[in-house]
Amino acid sequence: MAHIGHDVLGVDTDPGKVAKLQSGEVPFFEPGIDDIVRDNLTSGRLRFTDSYVEAADFADVHFLTVGTPQSELGFGANLSYIDAAVDTLSPHLNRRALIVGKSTVPVGTAQRLARRMRSIAPAGDDVELAWNPEFLREGFAVRDTLHPDRIVVGVESSHEGRAAKTLAALYSPLSTDDDIPFLITSLATAELAKVAANAFLGTKISFINAISEVCEAASADVTMLAAAIGADKRIGREFLDAGLGFGGGCLPKDIRAFMTRADELGLGDVATFLQIVDNINIRQRSRVIDATREVCGSLDGARVAVLGVAFKPNSDDIRDSPALDVVGQLQLQGAIVSVFDPKAMDNARQVFPTPNYSLSALDACQGADVILILTEWDEFRALQPEELETVTGSKRVVDARNCLDPLCWRAAGWNYRGFGRP
Ligand code: UDX
């Protein structure tokens with residue numbers, strides 16, 4: 001928002017994060033974000049605070065961007081952070097304001113929050129709510145934000161289109177280069193557009209992973225199959241990479257929250273469908289463990305090098321990382337695990353201190369009985385068999401992201417194991 005010319009005040013309840021951001025330090029890894037934050041701090045269009053009073057006084061439009069993680073009690077969403085943001089901001093809303101939810105929430109939440117805000121805010125009916133779901137991908141956050149595929153704005157029927165006009169004006173600098181669809185919907189449709197998009201992406205990944213099992217059983221190659229079906233424009237090649245499956249702070253918890261909400265709405269078949277998508281995804285982790293055991297003979301005492309613990313490349317995020325889950329299961333089964341990731345080491349170490357954290361890919365592979373590629377960083381794609389043979393004589397690799405060339409590794413005498421490939 002600052003980058004496209006608006007005056008922005010970022011609010012966080014953690015004074016440590018506010019201080020870091022105010023000094024130009026971004027507390028997570030995301031390509032391109034540091035320069036944008038620094039440039040806009042320097043221009044004066046961006047500031048940070050931990051004061052809701054200051055925020056209410058400053059802004060005409062308030063974006064709610066807090067997390068809605070999986071509940072600790074089950075598969076539903078934990079809405080306590082968004083409830084707290086609304087409850088803390090609303091008493092200070094003394095004049096007309098537009099509140100815009102970006103967080104991913106179960107359908108029906110926006111309507112509840114709108115009623116709650118108006119009952120607390122001194123400005124009452126002058127407080128309006130819109131829902132504007134966020135579709136950016138980690139690792140491409142800047143690009144996806146500045147060049148979105150679409151902008152979805154869910155509005156209340158009672159406010160004569162004011163919210164849609166305000167948001168169209170706010171986003172108008174984006175549409176000068178791209179022809180971006182601007183979809184005005186109800187609050188419920190906007191909430192569902194986000195969870196349905198993520199459920200579809202997860203379904204696509206679980207579909208190809210299910211097919212990869214069939215490929216293995218029938219000696220077919222899922223990577224060629226993905227190219228063949230992906231060439232059909234109705235299907236598309238993206239999100240057809242079989243392997244360890246999906247993780248991260250969005251897809252897994254959104255599918256589970258959607259499942260829970262479908263169940264609450266009495267839609268048992270829909271919930272069962274989403275449950276199967278989740279089950280197939282989780283089973284991929286066991287398939288990787290089984291493949292590793294097969295390749296090594298036994299996991300007990302096996303020295304396993306794990307390359308990649310981030311939930312995907314170009315990210316330091318380890319939330320619901322399938323790779324980290326595999327590391328834990330390998331250790332439970334007696335393996336001695338050495339880990340390397342280009343960006344996620346500190347985050348992984350904090351939540352999971354027991355494996356050996358290495359200084360480089362080669363360091364992690366030193367003396368390994370088997371090498372596992374669990375996140376397809378470019379650095380790992382570029383590894384050459386000859387390079388690794390200098391540190392490990394066992395010549396076994398489990399490529400859980402199908403990112404290496406099997407022919408090249410087998411030609412060099414390696415026992416190569418991919419997924420859904422003969
Ligand atoms: C996702 C959605 O893509 C984004 O629109 C939404 O706003 C947030 O959730 P993100 O969590 O950044 O974005 O990750 P994404 O790129 O979607 O990847 C999710 C997971 O799926 C990763 O673990 C990735 O490794 C896995 N994946 C992706 C596959 O296993 N196979 C694929 O073909 C694609």
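Order of appearance sets the numbers: ligands from 1, and atoms from 1 within every ligand.
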| query | Among side-chain atoms of Tyr171 and Asn132, is any donor-acceptor pair under 3.5 angstrom? | reply | yes
message: Check this for me: Arg116, atom CZ, are more than 12 non-hydrogen atoms of other residues, nucleotides or ligands nearer than 6.0 Å?
response: no
re atom 33 (O) of ligand 1, the protein heavy-atom contact at minimum distance is Asp241 N, 2.8 Å
re atom 18 (O) of ligand 1, the protein heavy-atom contact at minimum distance is Lys312 CD, 4.0 Å
Would you say the side-chain atoms of Arg396 and Tyr416 include a donor-acceptor pair closer than 3.5 Å?
no
Residue, atom and distance of the protein heavy atom nearest atom 28 (C) of ligand 1 read Ile205 CD1, 3.5 Å
* Asked: Looking just at side-chain N and O atoms, do Gln275 and Arg256 make a donor-acceptor pair shorter than 3.5 Å?
  -> no
Of all the heavy atoms in Gly245, does at least one lie under 4.0 Å from an atom in ligand 1? yes
The answer for which part of Lys204 has a heavy atom under 4.0 Å from ligand 1 is neither
shortest atom 23 (O) of ligand 1-to-protein heavy-atom contact is with Phe311 O, 2.9 Å
Atom 34 (C) of ligand 1: closest protein heavy atom, distance to 0.1 Å, is Phe239 CD2, 3.6 Å
**Any donor-acceptor N or O pair under 3.5 Å, side chains Thr104, Lys253** = no
Requested in this report: State if Cys250 counts as touching ligand 1 under the rule of any non-hydrogen atom under 4.0 Å.
Outcome: yes
Under 4.0 Å from one or more heavy atoms of Glu138, ligand 1 contributes atoms 12 (O)
Any heavy atom of Glu238 under 4.0 Å from ligand 1? The part involved is neither
shortest atom 13 (O) of ligand 1-to-protein heavy-atom contact is with Arg137 CA, 3.9 Å
Logged contact type for Leu240 with ligand 1, heavy-atom cut-off 4.0 Å, is backbone
- Message: Looking only at side-chain N and O atoms, does Ser51 offer a donor or acceptor that is under 3.5 Å from a partner on Thr49?
- Response: no
message: Within the supplied structure, the quantity of interest is the number of heavy atoms (other residues, nucleotides, ligands) at a distance under 6.0 Å from Lys312 NZ; does it exceed 12?
response: yes
Partner of Glu128 under salt bridge (charged side-chain N to carboxylate O under 4.0 Å, His left out), picked from Arg118, Lys165, Arg162, is Arg162
Counting from 1 in the order shown, the ligand 1 atoms closer than 4.0 Å to a non-hydrogen atom of Arg401 are 25 (O), 30 (O)
Glu376 to ligand 1: N or O pair under 3.5 Å?
-> no
### Pair Ser186-Thr189, side-chain donor/acceptor within less than 3.5 Å
yes
Quick look: Asn198 vs ligand 1, heavy-atom contacts under 4.0 Å, and the answer is side chain
Discussion item. Does Arg150 qualify as a cation-pi partner of Phe135, given the criterion of NZ or CZ under 6.0 Å from the six-membered ring centre and within 45 degrees of its axis?
Written reply: yes
Looking only at the side chains, is there a donor atom on one of Ser80 and Asn78 sitting less than 3.5 Å from an acceptor on the other? yes
The atoms of ligand 1 lying under 4.0 Å from a heavy atom of Glu134, numbered in the order shown, are 7 (O)
Closest to atom 7 (O) of ligand 1 among protein heavy atoms sits Leu136 O, 2.7 Å
Looking only at protein heavy atoms, what sits closest to atom 19 (C) of ligand 1 is Leu251 CD2, 3.8 Å
